[in-house]
Amino acid sequence: MSSLITEDEISHEADLVWLEDITALDYVRQSLDRLATRRGKPAYHRAGRMVGYAQLGQMAKPSRTSGTFRRRVFWLLPHDRDTDPGGLYATGAPAEAVDPRTLAAGSKGRKTECSEGGPPSLAMQELGITLPL
């Protein structure tokens with residue numbers, strides 16, 4: 001869950017790779033997965049689809065016990081808002097979801113009005129104000 005990801009767990013990220021255009025997505029789910037490599041597209045074993053992933057820098061160390069690296073993977077499920085706008089997440093978002101426009105390598109991102117399914121008020125739009133959630 002994104003709320004459980006801390007900045008120190010992702011401090012060795014060098015880059016985020018997006019597999020599709022994130023400007024059309026209100027949110028993406030993120031998780032830290034144990035992967036065999038620092039870089040490259042990881043295997044995906046969830047329902048739904050992988051939207052992106054993190055690549056680690058050379059200073060990232062593997063786990064002493066498993067030899068794997070913890071890397072972020074960004075994904076969506078079939079019942080998420082992008083494919084089912086009137087469904088379960090018509091408003092609100094899963095706990096592990098963040099607005100993909102707030103993500104960067106080494107930064108866990110945040111929820112926004114857009115990711116939570118509610119457009120900003122007209123007054124806020126006119127003033128150009130957005131609130132982080």
Checklist entry - Can you check side-chain contact (heavy atoms from CB on, under 4.5 Å) on Val98 and Lys108, steps first, answer last? => result CA-CA 8 Å; Val98 294; Lys108 68 181 187 174; over 6 Å; no
Expected output: side-chain [X] to main-chain [Y] donor-acceptor under 3.5 Å:
X: Ser66; Y: Ser63; result: no
X: Gln55; Y: Gly40; result: yes
X: Arg81; Y: Gly86; result: no
X: Arg49; Y: Pro78; result: no
X: Glu13; Y: Ala105; result: no

How many angstroms lie between [atom1] in [X] and [atom2] in [Y], if you round to the nearest 0.5 Å?
X: Arg101; Y: Cys114; atom1: CZ; atom2: SG; value: 4.5 Å
X: Asp33; Y: Thr68; atom1: CG; atom2: OG1; value: 10.0 Å
X: Met59; Y: His12; atom1: CE; atom2: NE2; value: 7.0 Å
X: Asp80; Y: Leu88; atom1: CG; atom2: CG; value: 8.5 Å

Next on the checklist: Do Glu116 and Asp99 make a side-chain contact, defined as non-hydrogen atoms from C-beta onward lying under 4.5 Å apart?
Outcome noted: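 Glu116 does not reach Asp99 side chain to side chain.
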Contact summary for [X] and [Y], nearest pair of heavy atoms:
X: Ile22; Y: Val51; result: CG2-CG1, 4.3 Å
X: Gly67; Y: Pro62; result: O-CB, 3.6 Å
X: Tyr89; Y: Pro94; result: CE2-N, 3.5 Å
X: Arg72; Y: Leu103; result: NH1-CD2, 3.4 Å
X: Ser115; Y: Ala93; result: O-CB, 3.3 Å
X: Tyr27; Y: Ala97; result: CD1-CB, 3.5 Å

Next on the checklist: Under the rule for side-chain hydrogen bond (donor to acceptor under 3.5 Å, both in side chains), what residues qualify as partners of Thr102, not counting sequence neighbours?
Outcome noted: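 For Thr102 there are no side-chain hydrogen bond (donor to acceptor under 3.5 Å, both in side chains) partners, ignoring immediate neighbours.
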Checklist entry - How would you list all residue pairs meeting salt bridge (charged side-chain N to carboxylate O under 4.0 Å, His left out) that involve residues 35-45, not counting sequence neighbours? => result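 Qualifying pairs: none.
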Checklist entry - Hydrophobic clusters join Ile, Leu, Val, Met, Phe, Trp and Tyr when side-chain heavy atoms are under 4.5 Å apart, directly or via other members; which others share one with Leu56? => result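 ILVMFWY cluster around Leu56 also holds Phe69.
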Checklist entry - Who else is in the cluster with Val17 when I, L, V, M, F, W and Y are joined by side-chain contacts under 4.5 Å? => result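 When side chains under 4.5 Å apart are linked, the cluster holding Val17 also contains Leu19, Leu35, Tyr44, Met50, Tyr53, Val73, Trp75, Leu77.
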Next on the checklist: If the condition is side chain to side chain contact (heavy atoms under 4.5 Å, CB included), which residues does Thr37 pass it with, not counting sequence neighbours?
Outcome noted: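 Thr37 satisfies side chain to side chain contact (heavy atoms under 4.5 Å, CB included) with Arg71 once adjacent residues are dropped.
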Item to check | Contacts of Glu9 that satisfy side chain to side chain contact (heavy atoms under 4.5 Å, CB included) - sequence neighbours left out | outcome: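 Listed in chain order: Ile5, Thr6, Leu32, Arg70.
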